[in-house]
> 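Below: one structure in structure tokens.
The model shown is predicted, which means the values in this text are computed figures rather than measured ones.
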Amino acid sequence: SALKYKDIIEDYKHGLDAIMTMQPKTYKLKQGNSDLQVGLIADYLPEYLQYKKNGEVENYADRAIIATMINAIKELKSEIDELKLKCGNN
């Protein structure tokens, strides 16, 4: 959303280290669609959890995971750039 809707803006710090702990899985839903699904299990992502009002785990914050992936890509790009400099490949 637009800047005009935001307050107390700070840099988001999670990146490659957080991504490396995530473990994508295949699974089938217990109810509804019986097709094989691919994704993450919310219960295994403690810093990204979203809860129901009764305190039960509902889902994970996918926007936070997208931000984490963006930071991870930036970290990897910096590492690639450093390696290119060391190898003389600008």
Side-chain angles (χ1 to χ4, degrees):
S1 61
L3 181 61
K4 65 182 179 181
Y5 300 115
K6 296 173 173 68
D7 193 15
I8 310 174
I9 299 168
E10 298 176 356
D11 287 341
Y12 185 74
K13 302 293 184 191
H14 294 284
L16 188 57
D17 288 341
I19 293 295
M20 295 305 294
T21 67
M22 294 179 188
Q23 300 179 17
K25 303 289 184 187
T26 59
Y27 56 89
K28 290 189 177 187
L29 297 173
K30 292 181 179 181
Q31 296 178 1
N33 186 346
S34 64
D35 294 340
L36 188 65
Q37 306 288 315
V38 177
L40 299 167
I41 309 299
D43 308 66
Y44 303 154
L45 303 168
E47 60 242 18
Y48 301 98
L49 288 179
Q50 294 175 332
Y51 296 91
K52 292 181 179 181
K53 288 183 181 180
N54 67 2
E56 187 178 324
V57 171
E58 173 71 15
N59 207 342
Y60 55 84
D62 53 356
R63 286 184 181 188
I65 290 177
I66 292 169
T68 303
M69 290 190 298
I70 290 169
N71 282 344
I73 291 167
K74 288 178 178 181
E75 289 176 44
L76 291 171
K77 173 71 168 101
S78 292
E79 289 180 20
I80 290 168
D81 290 347
E82 285 179 33
L83 290 170
K84 283 181 177 180
L85 282 174
K86 287 180 181 176
C87 294
N89 299 329
N90 298 338

> What closest approach, in Å, do A42 and V57 show between heavy atoms, and which atom pair accounts for it?
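Taking every non-hydrogen atom into account, CB-CG1, 4.0 Å.
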> Kindly indicate, with the supporting measurements, whether the criterion side-chain contact (heavy atoms from CB on, under 4.5 Å) is fulfilled by L36 and K28.
CA-CA 5 Å; L36 188 65; K28 290 189 177 187; 4.2 Å; yes
> Just so I know, are the side chains of L29 and S34 near enough to count as touching, which here means a heavy-atom distance under 4.5 Å?
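No, too far: nothing below the 4.5 Å cut-off.
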> If every non-hydrogen atom of A18 is compared with every non-hydrogen atom of E47, which pair is closest and at what distance?
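Reported closest heavy-atom pair: CB-OE2, 4.1 Å.
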> Rest of the hydrophobic cluster containing L16 (Ile/Leu/Val/Met/Phe/Trp/Tyr, side-chain heavy atoms under 4.5 Å)?
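When side chains under 4.5 Å apart are linked, the cluster holding L16 also contains M20, L76.
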> How about NZ on K6, more than 12 heavy atoms from neighbouring residues, nucleotides or ligands closer than 6.0 Å, or not?
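It does: K6 NZ has more than 12 such atoms within range.
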> Distance check, rounded to the nearest 0.5 Å: T21 atom OG1 versus D17 atom CG?
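Rounded to the nearest 0.5 Å, the OG1-CG separation comes to 8.5 Å.
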> Show me the donor-acceptor pairs within less than 3.5 Å that the side chains of residues 62-73 make with the rest of the protein, sequence neighbours left out.
from : atom 1 : to  : atom 2 : distance (Å)
T68  : OG1    : Y12 : OH     : 3.2
T68  : OG1    : Y48 : OH     : 3.0
T68  : OG1    : A64 : O      : 2.8
N71  : ND2    : Y12 : O      : 2.8
N71  : ND2    : H14 : O      : 2.9

> Under the side chain to side chain contact (heavy atoms under 4.5 Å, CB included) test, which residues partner K52, sequence neighbours left out?
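Counting only residues at least two positions away or on another chain, K52 forms a side chain to side chain contact (heavy atoms under 4.5 Å, CB included) with N54, E56, E58.
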> What I'd like to find out is whether the side chain of K25 reaches to under 4.5 Å of the side chain of L40, using heavy atoms alone.
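Answer no - side chains too far apart.
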